[in-house]
Amino acid sequence: MTDLRMLDPAEAAEALAGTALAGTVVAGTVVAGTALAGAECAGTELAGPGLAAGGGAARGFLGTDPVTQNRALLAAELTRMGATVCQAGDALVGFAHRPGQPRQALVASTSGRPEPVAALLAFLRTYHRSTSYLALVPDGSPVAAAFAGCGFRPAGVLREHRYGAGQYHDVLVYVAKAAGTTASGTTAAGTTAAQTTAAGTTAAGTTGPGTTDPGTTEPDTANAADSAEASRCRS
Amino acid sequence: MMLRGYRGGDAALLAGPWLDGELIGLPLAGWPPLADLTVVAPPGRPGDELCIAPEAGFARFAGLDWVHRRARLETGLQPGREDDAGALLQAAVSYAFGRLNLHRLYGWITPAAGAEPAAALEPAGFRREATVPDGIWLDGRPVEREIWAVIRHD
């Protein structure tokens, strides 16, 4: 399972800027040097395609644009929206809770692979008791594959929401419910693992309407949640 | 309807029994008597523009983005002025495109709040773009929310 490491806003801005400027993360492959600690640098033969097709992977990350925004502005934007950015292997993932609905998280990734997103969802499910997720992905971004691979479904298109390269571009809206979440937004307690998931019957079994605190952490459920989200992404 | 800038005497228009951040902020029926009213902050924060519809309500352009030329519209109408929703939206769209020079205006609608969004939004040019399940917590449960937007065609 991919490990998550929290970054402070300055670190996140640094990593995002490095990702975008190097055009690094393309379909989950690091193809050039980045500011990500622990990232492996590939040979220069991969940098060309990366620069040509990459860059876009980090654009639109939680509404930011690391190509046109400098690091101070990136950090200010992430701080303003209360976002948390984590390093997940060679990718960055991030989330911010929605105002008015703290159980729903706005999520983002810089990778086209589902594994970093799966790690983030498992974390949110277990430690923040999130019951649903929302992702805004620029049209044509390779990151859409990561969300599709984790069970996200299209919920609409924001027309001409972003401006870049001299024209306006659409942004795709993806939504997903946390594993084991019922239609009412709470979790199905007392069901078997075959019916829902281990994450749904333990970590968030006490989720109540109107509760905004992230709740307590149950260490023995963390691995179960990881496994549930991972299996969901694989399927 | 004419929109104007905020004055100190308009503070009463910034509080009411509506959902926070709603595109059509109509007074909600059955507002719990002990619940605080929703309050919108007076102008002063960068990235926000607040306009007043005298004696009726307000229109707030939140999250102004000058690169992408867009803003999220929020409105609030005082009890008894519900019929002004359409006029307020049209005035807000006119202000956003004519004065702020925006390209896109969008906002959140909560169908469960009881509003008839299409009747007021479509004449102002808005179209529904996305539906987000569990988008807001209302009346003890998560309910669906929609994103509506209008685009300026130059």
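Keep in mind the model is a prediction, meaning the values are calculated, not measured. Below, read A as the first sequence line, B as the second, and so on, with proteins coming before strands; counting in each chain starts at 1.
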For this session: Identify the two heavy atoms, one from B:Pro133 and one from A:Ser132, that lie closest to each other, and give their separation to 0.1 Å.
Result: O-OG, 4.5 Å
For this session: Count the heavy atoms of every other residue, nucleotide or ligand shown that sit under 6.0 Å from CG of B:Asn101, and state whether that count exceeds 12.
Result: yes
Exercise. Between B:Ala130 and A:Val173, what is the shortest heavy-atom contact and its length?
Worked result: CB-CG2, 3.9 Å
Seminar exercise, completed: Note: A:Leu158 and B:Glu129 closest approach over all heavy atoms is CA-OE1, 3.2 Å
For this session: Measure distances from B:Ile147 to the heavy atoms of chain A and classify the residue's part below 4.5 Å as side chain, backbone, both or neither.
Result: side chain
Exercise. Say you draw a straight line from CD of A:Glu160 to CZ of B:Arg152; how long is it, rounded to the nearest 0.5 Å?
Worked result: 12.0 Å
Exercise. Any idea which heavy atoms bring A:Gln101 and B:Pro142 closest together, and the distance?
Worked result: NE2-CB, 3.5 Å
Exercise. Atom CZ of A:Arg159 and atom CZ of B:Arg127: how far apart are they, to the nearest 0.5 Å?
Worked result: 4.0 Å
Problem set entry | Within 45° cone of B:Trp108 ring axis and under 6.0 Å: A:Arg98 NZ or CZ | yes
Exercise. Is it true that A:His161 and B:Tyr106 have ring centroids separated by less than 6.0 Å?
Worked result: yes
Seminar exercise, completed: Looking only at A:Gln104, A:His169, A:Arg162, the option with the highest number of non-hydrogen pairs under 4.5 Å against chain B is A:Gln104
Seminar exercise, completed: Okay, B:Arg128 and chain A: the region with an atom under 4.5 Å from a heavy atom over there is neither
Problem set entry | Salt bridge present between A:Lys177 and B:Asp134 (N-O < 4.0 angstrom) | yes
Exercise. Any chance CZ of B:Arg7 has more than 12 other-residue heavy atoms, nucleotides or ligands included, within less than 6.0 Å?
Worked result: no
Exercise. Would you call B:Arg69 and A:Tyr163 a side-chain contact if the rule is heavy atoms closer than 4.5 Å?
Worked result: no
Exercise. Quick one: what part of A:Leu134 sits under 4.5 Å from any heavy atom of chain B, side chain, backbone, both or neither?
Worked result: side chain
